[in-house]
Every structure is written in C-alpha cells, then in structure tokens.
Amino acid sequence: MKETITVFTDGSSRGNPGRGGWGAVVIAEGKVTELGGREDATTNNRMEMTAVLEALLHIEKKKYQGELSIHTDSAYVLQGATTWMYGWARNGWKTKTGDDVLNQDIWKEISNALFRLKQKHDVVFVKVSGHSGHIGNERVDAIATACADKEQFLFFSGAFTEYEKLLGGSVHTTDVTKSTGTKKKSSSAKNAPAYSYVSMVAGAIHKDKTWAVCEKRVKGVKGARFKKVFSKSEEDALIKEWKGSVH
C-alpha cells in the first residue's frame with residue numbers, strides 16, 4: 001500500500017494587515033509533527049501561504065516518502081498553488097493586467113519547493129471547509145490563532161495514534177474538494193462553515209473567527225449573547241440589531 005503524507009495548514013491575522021500566525025500539521029510514516037510561527041505585521045493570505053511553505057520545507061528536510069496531500073481552507077492558496085502560480089511564473093510574476101503579483105516572494109518559494117518535491121512525490125491540494133468541525137483543520141486554526149496572539153502553545157510531536165487520542169477523534173475528513181475540481185455535496189446552512197461568531201458581553205460586541213475563542217469569551221458570563229453567522233451581510237445585520245437593543 002502506497003504511503004500518504006497528509007498535511008493540514010491554516011493562517012490567521014488580527015487585522016489585515018495586523019499581527020498574524022500560521023499553523024501546520026504534518027502526518028507521515030505514523031508520526032505527527034505540529035509547526036507554527038508568527039509575524040507582527042502581515043496578512044491572512046501571507047500566513048496561509050507561509051503555513052504551506054513551512055510544511056513543504058519540513059517534508060523535504062525529513063525526506064518522507066509517499067503521495068503528498070495538502071489540506072487548506074484557503075481558496076487563494078488552492079487556486080494559486082494549482083493554477084495561477086504557473087501563469088504568473090511564465091509572465092515574469094506579473095498578472096494579466098501587468099501588475100506585480102502580490103506576495104510573490106512567498107509564491108516563488110512555494111513554486112520552487114513544489115518543483116523539487118514533485119520530482120519524488122505525487123502532490124494534490126485539497127480544499128476543506130473552514131471552521132466546520134474537521135479536527136485537522138480546527139487544530140491548525142488553533143495553532144495559527146495562538147501564535148498570532150502570542151499565547152503559549154504546546155506543539156505535538158509523536159505517534160499518530162496518540163495524536164488522535166489527544167484530539168479526541170480522526171483528523172481525516174471526507175468533506176473535501178480536490179484540486180481536480182470535484183464538487184462536494186451541499187450541506188445545510190446549519191452545518192455550513194461560519195463566517196464569524198458574534199458575541200455581546202456587557203454591552204460590547206465582538207467578532208471571532210473560531211467558536212473556541214468565542215466560547216472562552218461568553219462561557220459562564222451572565223447575560224452574554226452569541227451567534228454563528230454565515231456571511232458579512234448577516235454579521236453586519238446582527239451587529240446593527242444588537243447595537244439597537246442596548247439603547
């Protein structure tokens with residue numbers, strides 16, 4: 001049976017630009033390695049890309065064998081790494097309109113790393129739904145967020161069986177769209193990925209990227225309100241409604 005190297009990546013930024021963090025989980029040869037880091041002034045896209053780049057460099061350094069499957073919830077990363085990047089390279093890292101490609105410093109490094117790895121590995125990028133309960137994706141989100149916020153985080157390095165015990169479930173997911181363009185089954189709004197989690201605590205309104213952060217804010221707080229929303233317009237409408245209720 002052919003071995004598979006499974007990677008989950010995510011990025012986070014507090015402001016765009018703002019302080020940011022990235023996280024990656026590399027699963028190979030029965031072992032798991034968590035990676036993460038941060039920058040003081042960056043963007044979400046740069047952190048998403050950095051997570052992929054650092055995972056690729058780690059795999060190259062360790063000389064793992066097998067097909068490489070990279071899971072990301074970033075459409076920008078997926079399209080860039082599987083389609084756009086090759087056109088940009090042919091055009092001297094210019095867009096169709098002649099503008100410089102944004103983040104081309106990292107794109108060039110990703111392009112070079114993928115070129116080297118593809119000499120030995122089959123590589124596929126897989127789109128996952130962000131913040132929808134997939135354990136692997138939620139874990140890298142937690143790493144990226146903790147790094148962005150300079151929170152203490154204990155990175156795991158050890159056996160895959162112990163890792164799944166730690167997380168309380170399988171890190172693998174079937175709710176994915178591969179880079180070949182395969183469509184995933186539609187889901188109900190209730191199970192759709194969140195745009196944000198809005199909360200109101202003591203009259204102050206907060207917007208959080210993950211439920212874990214929102215839960216910490218509202219748990220045990222008397223009178224706290226919170227709701228999962230699925231779009232920017234829904235978020236704006238809810239905030240407007242809640243602001244009106246405090247007058």
Side-chain angles (χ1 to χ4, degrees), residues 3-14 19-74 76-78 80-81 103 105-114 116-118 120-121 123-128 130-131 134-167 169-173 209-210 212-213:
E3 292 287 336
T4 299
I5 306 164
T6 302
V7 175
F8 290 90
T9 65
D10 200 14
S12 175
S13 65
R14 301 305 199 187
R19 67 182 191 275
W22 61 269
V25 171
V26 179
I27 305 168
E29 300 178 1
K31 298 178 182 178
V32 178
T33 303
E34 291 185 336
L35 307 168
R38 69 178 310 280
E39 292 182 10
D40 286 324
T42 188
T43 65
N44 186 72
N45 281 341
R46 288 185 69 84
M47 291 294 91
E48 295 275 6
M49 295 165 63
T50 299
V52 172
L53 175 61
E54 292 295 337
L56 295 176
L57 295 177
H58 176 79
I59 291 164
E60 188 174 31
K61 179 180 178 181
K62 293 295 184 180
K63 299 181 180 180
Y64 291 132
Q65 302 298 313
E67 178 182 288
L68 175 54
S69 180
I70 303 168
H71 297 68
T72 176
D73 62 11
S74 168
Y76 175 71
V77 166
L78 181 78
N103 306 312
D105 56 329
I106 307 180
W107 279 125
K108 287 177 181 178
E109 292 191 71
I110 290 175
S111 177
N112 291 335
L114 282 173
R116 294 191 301 268
L117 286 169
K118 284 181 177 180
K120 300 179 180 180
H121 305 267
V123 180
V124 61
F125 279 78
V126 181
K127 178 69 168 62
V128 300
H131 317 298
H134 300 315
I135 292 178
N137 180 257
E138 294 293 341
R139 182 65 175 182
V140 287
D141 175 77
I143 295 172
T145 301
C147 288
D149 293 340
K150 294 185 178 180
E151 293 180 356
Q152 187 174 8
F153 193 94
L154 183 61
F155 292 92
F156 182 91
S157 179
F160 176 70
T161 52
E162 294 302 314
Y163 191 62
E164 291 201 321
K165 288 180 183 178
L166 172 68
L167 300 188
S170 174
V171 299
H172 297 294
T173 174
K209 184 179 178 183
T210 68
V213 175

What's the shortest heavy-atom distance between [X] and [Y], and which atoms?
X: Ala51; Y: Gly23; answer: CB-O, 3.5 Å
X: Ile5; Y: Ala28; answer: CG2-CB, 4.0 Å
X: Tyr64; Y: His121; answer: O-CE1, 2.8 Å
X: Leu35; Y: Ala55; answer: CD1-CA, 4.3 Å

Rounded to the nearest 0.5 Å, what separation is found between the [atom1] atom of [X] and the [atom2] atom of [Y]?
X: Ser12; Y: Lys209; atom1: OG; atom2: NZ; value: 4.5 Å
X: Asn112; Y: Leu57; atom1: CG; atom2: CG; value: 10.0 Å
X: Glu29; Y: Lys62; atom1: CD; atom2: NZ; value: 10.5 Å
X: Thr6; Y: Phe160; atom1: OG1; atom2: CZ; value: 7.5 Å
X: Trp22; Y: Thr42; atom1: CH2; atom2: OG1; value: 12.5 Å
X: Asn137; Y: Thr9; atom1: CG; atom2: OG1; value: 8.5 Å

Item to check | Matching residue for Tyr76 among Asn103, Asn44, Asn45 - test: side-chain hydrogen bond (donor to acceptor under 3.5 Å, both in side chains) | outcome: Asn103
Is there side-chain contact between [X] and [Y], with at least one heavy-atom pair below 4.5 Å?
X: Phe125; Y: Val52; value: yes
X: Ile143; Y: Asp10; value: no
X: Glu67; Y: Val123; value: no
X: Val32; Y: Val25; value: yes
X: Leu117; Y: Leu68; value: yes

Checklist entry - Could you give all pairs that pass the salt bridge (charged side-chain N to carboxylate O under 4.0 Å, His left out) test and reach residues 49-61, with sequence neighbours left out? => result Glu60-Arg116
Checklist entry - Could you give all pairs that pass the salt bridge (charged side-chain N to carboxylate O under 4.0 Å, His left out) test and reach residues 30-51, with sequence neighbours left out? => result Glu34-Arg139, Arg38-Asp40, Arg46-Asp105
Tell me which donor-acceptor pairs under 3.5 Å the side chains of residues 146-157 have, and how far apart each pair is, sequence neighbours excluded?
from   : atom 1 : to    : atom 2 : distance (Å)
Asp149 : OD1    : Arg14 : NE     : 3.1
Asp149 : OD1    : Arg19 : NH2    : 3.2
Asp149 : OD2    : Arg14 : NH2    : 2.9

Next on the checklist: Donor-acceptor check, side chain of His71 to backbone of Val7, threshold 3.5 angstrom: yes or no?
Outcome noted: yes
Item to check | Donor-acceptor contact present, side-chain Thr72 to main-chain Ser74, <3.5 Å | outcome: yes
Next on the checklist: Under the criterion side chain to side chain contact (heavy atoms under 4.5 Å, CB included), I'd like the reasoning laid out for Ile70 against Leu56: C-alpha separation, chi angles, the key distance, then a yes or no.
Outcome noted: CA-CA 9 Å; Ile70 303 168; Leu56 295 176; 3.7 Å; yes
Checklist entry - For Leu53 and Ile106, what are the C-alpha separation, side-chain angles and deciding distance, and is it a side chain to side chain contact (heavy atoms under 4.5 Å, CB included)? => result CA-CA 8 Å; Leu53 175 61; Ile106 307 180; 4.2 Å; yes
